There are 2 protein chains.
Amino acid sequence: MPRYARPVEAPAEPRWLDDDESQSWLALAGMLVWLPDALDAQLQRDAGLSHFEYQVMAMLSMSPDRTRRMSEVAELANGSLTRLSRAVDRLSKRGWVCRRPDPTDGRYTLAVLTDAGWDKVVQTAPGHVAEVRRLVFDPLTKAQARQLSDIGARIQRAIGPRDGCAPPSSGA
Amino acid sequence: MPRYARPVEAPAEPRWLDDDESQSWLALAGMLVWLPDALDAQLQRDAGLSHFEYQVMAMLSMSPDRTRRMSEVAELANGSLTRLSRAVDRLSKRGWVCRRPDPTDGRYTLAVLTDAGWDKVVQTAPGHVAEVRRLVFDPLTKAQARQLSDIGARIQRAIGPRDGCAPPSSGA
DNA sequence: TGTGCTCACTTGACACTGCAAGCGAAGCTC
DNA sequence: GAGCTTCGCTTGCAGTGTCAAGTGAGCACA
């Protein structure tokens with residue numbers, strides 16, 4: 001395991017993790033690696049989509065007129081604008097999303113979910129939700145699920161605001 | 001937010017997430033994106049290492065003779081053999097790790113942490129642990145930290161064994 | 001009007017990753 | 001001990017991500 005307990009020759013003297021903490025961190029670190037991986041795998045297998053691409057389409061599917069500015073989509077999907085731009089390239093090629101200049105301000109670009117894109121989301125969502133349920137909520141007690149919500153919020157608050165990204169508790 | 005609540009026209013009828021679950025999932029998903037990012041950022045900034053590279057070196061620093069077979073390192077660092085091979089390429093170029101054929105079986109390759117690599121780990125560890133503490137343990141109550149350990153274990157168990165990777169609870 | 005700035009986005013260069021094919025070393029069978 | 005298979009690792013390639021530079025629309029102020 002990575003060195004989280006005190007090394008033999010420590011230069012500074014930070015507070016090393018005790019046994020409980022080490023174990024928690026180990027469990028968290030594993031989850032951090034494997035859960036996104038598992039969710040991506042399900043979407044890739046069943047829908048040919050990355051989790052990020054799915055999030056982009058799912059988000060558009062909940063927006064008025066299935067339309068939203070690129071920068072808003074990027075923020076809501078937890079991704080950079082560059083990443084979104086490339087994802088929209090891919091989704092456009094597949095006919096699920098298209099771009100359109102914002103008539104009210106030519107600097108903005110609107111991403112629009114097409115009818116085919118809507119169908120794709122409607123068809124993909126149940127399997128994805130089922131996987132989230134299977135991997136996250138089924139194994140946990142109700143109390144743990146509630147705790148998880150608080151734990152996630154606290155950790156995100158500690159990370160602090162990412163430049164240009166959603167403030168701590170905006171659900172948007 | 002992505003569509004985890006029921007869409008207007010659902011084809012199948014899975015169990016959609018209720019409000020509590022949606023909120024938990026939202027918090028978890030955000031954490032899943034931002035925590036690895038924040039940890040990587042700290043290591044990159046302070047040590048010029050990715051989290052994965054750090055894990056590789058940290059793991060070697062705890063191994064007998066600072067040496068271990070490539071395949072073992074890959075497994076312990078939660079990475080593929082390809083990924084490890086390339087990471088060791090990079091770390092070798094910087095003089096922190098070197099490869100050596102296993103004298104007992106020429107098929108294996110041993111990764112060895114050099115003296116310079118050891119120094120690098122010793123120098124990097126305190127800052128990294130401090131960041132883990134700042135982002136994870138300081139914001140949580142003791143009880144939450146303990147819960148997190150169980151939560152992580154349950155979710156990893158649900159994901160199941162990844163091919164060739166550590167079984168559920170082997171600390172190895 | 002025009003010059004220059006800012007803003008939202010895209011694009012080019014480059015880095016990292018996984019898949020699958022390739023490689024040499026071991027082991028197995030005859 | 002020749003030939004096949006298996007094993008552990010590396011490598012070519014394609015895909016996706018970031019950073020920084022580029023583009024074009026709007027805005028501000030002379």
Side-chain angles (χ1 to χ4, degrees), chain A residues 32-34 36-45 48-56 67-94 97-112 162-165, chain B residues 32-34 36-41 43-45 48-56 60 67-94 97-112 162-165:
Chain A
L32 246 36
V33 170
W34 294 113
D37 207 69
L39 293 171
D40 260 338
Q42 180 271 324
L43 281 167
Q44 199 58 250
R45 176 167 41 81
L49 289 170
S50 71
H51 192 206
F52 182 69
E53 289 165 339
Y54 173 75
Q55 277 187 306
V56 168
T67 295
R68 214 178 259 273
R69 293 177 173 172
M70 293 287 283
S71 40
E72 291 176 1
V73 178
E75 182 169 321
L76 291 172
N78 285 329
S80 69
L81 204 43
T82 298
R83 189 181 184 185
L84 176 68
S85 184
R86 308 238 194 246
V88 169
D89 285 347
R90 296 191 294 271
L91 295 173
S92 294
K93 250 179 243 154
R94 305 226 249 163
V97 169
C98 63
R99 278 184 244 245
R100 179 178 310 166
D102 187 332
T104 72
D105 185 335
R107 286 172 301 183
Y108 290 93
T109 301
L110 301 176
V112 185
R162 284 71 69 203
D163 331 79
C165 285
Chain B
L32 247 35
V33 169
W34 294 112
D37 208 69
L39 293 171
D40 260 339
L43 280 167
Q44 199 58 250
R45 175 167 41 80
L49 289 170
S50 70
H51 192 205
F52 182 68
E53 289 166 338
Y54 173 75
Q55 276 187 307
V56 169
L60 287 176
T67 295
R68 214 177 259 274
R69 292 176 174 174
M70 293 287 284
S71 40
E72 291 176 1
V73 177
E75 181 169 322
L76 291 172
N78 285 327
S80 70
L81 206 41
T82 297
R83 189 181 185 188
L84 176 69
S85 185
R86 307 219 133 109
V88 169
D89 284 347
R90 296 191 293 271
L91 296 173
S92 293
K93 250 178 246 154
R94 304 227 250 162
V97 169
C98 63
R99 279 183 243 246
R100 180 178 308 167
D102 186 333
T104 72
D105 185 336
R107 285 172 301 183
Y108 290 93
T109 300
L110 301 176
V112 184
R162 284 72 67 204
D163 332 78
C165 286

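Letters go in sequence order (proteins before strands), and every chain restarts at 1. Because the structure is a prediction, the values reported are computed rather than measured. The analysis underlying the following values was restricted to heavy atoms, covering all of them including side chains, and did not include hydrogens, waters or symmetry mates.
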*Classify the nucleic acid contact of Asp105(A) as base, sugar-phosphate or nothing, counting any heavy atom under 4.0 Å across all strands shown.*
sugar-phosphate
*Protein-nucleotide distance (Arg107(B), atom CZ; dG8(D), atom P), rounded to Å*: 6 Å
*Touch check for Thr109(B), heavy atoms < 4.0 angstrom, all strands: base, sugar-phosphate only, or nothing?*
sugar-phosphate
_Using OP1 and OP2 only, check whether a side-chain N or O of Arg83(A) sits under 4.0 Å from dG17(D)._
yes
*Describe the nucleic acid contact of Arg86(A) in one word from base, sugar-phosphate, nothing, applying a heavy-atom distance below 4.0 Å.*
base
*asked:* Could you check whether atom CZ of Arg94(B) has more than 12 heavy atoms from other residues, nucleotides or ligands sitting under 6.0 Å from it?
replied: yes
*Thr82(A) side chain: which of dC27(D), dG8(D), dC19(D) is closest?*
dC19(D)
*Closer than 4.0 Å, any side-chain N/O of Arg90(B) to the OP1 or OP2 of dT17(C)?*
yes
*Output the single nucleotide from dT10(D), dG24(D), dT10(C) whose closest atom is nearest the side chain of Met70(B).*
dT10(D)
*For Ser50(B), report the nucleic acid contact type (base, sugar-phosphate, nothing); a contact means any heavy atom under 4.0 Å.*
nothing
*Separation of dT17(C) P from Asp40(A) CG (nearest whole Å)*: 15 Å
*Between dG24(D) atom P and Asp102(A) atom CG, what is the distance in whole Å?*
19 Å
*asked:* Tell me whether Arg100(B) at atom CZ has more than 12 heavy atoms from other residues, nucleotides or ligands lying less than 6.0 Å away.
replied: no
*Has the side chain of Ser80(B) got a donor or acceptor atom sitting under 3.5 Å from an opposite partner on the base of dT17(C)?*
no
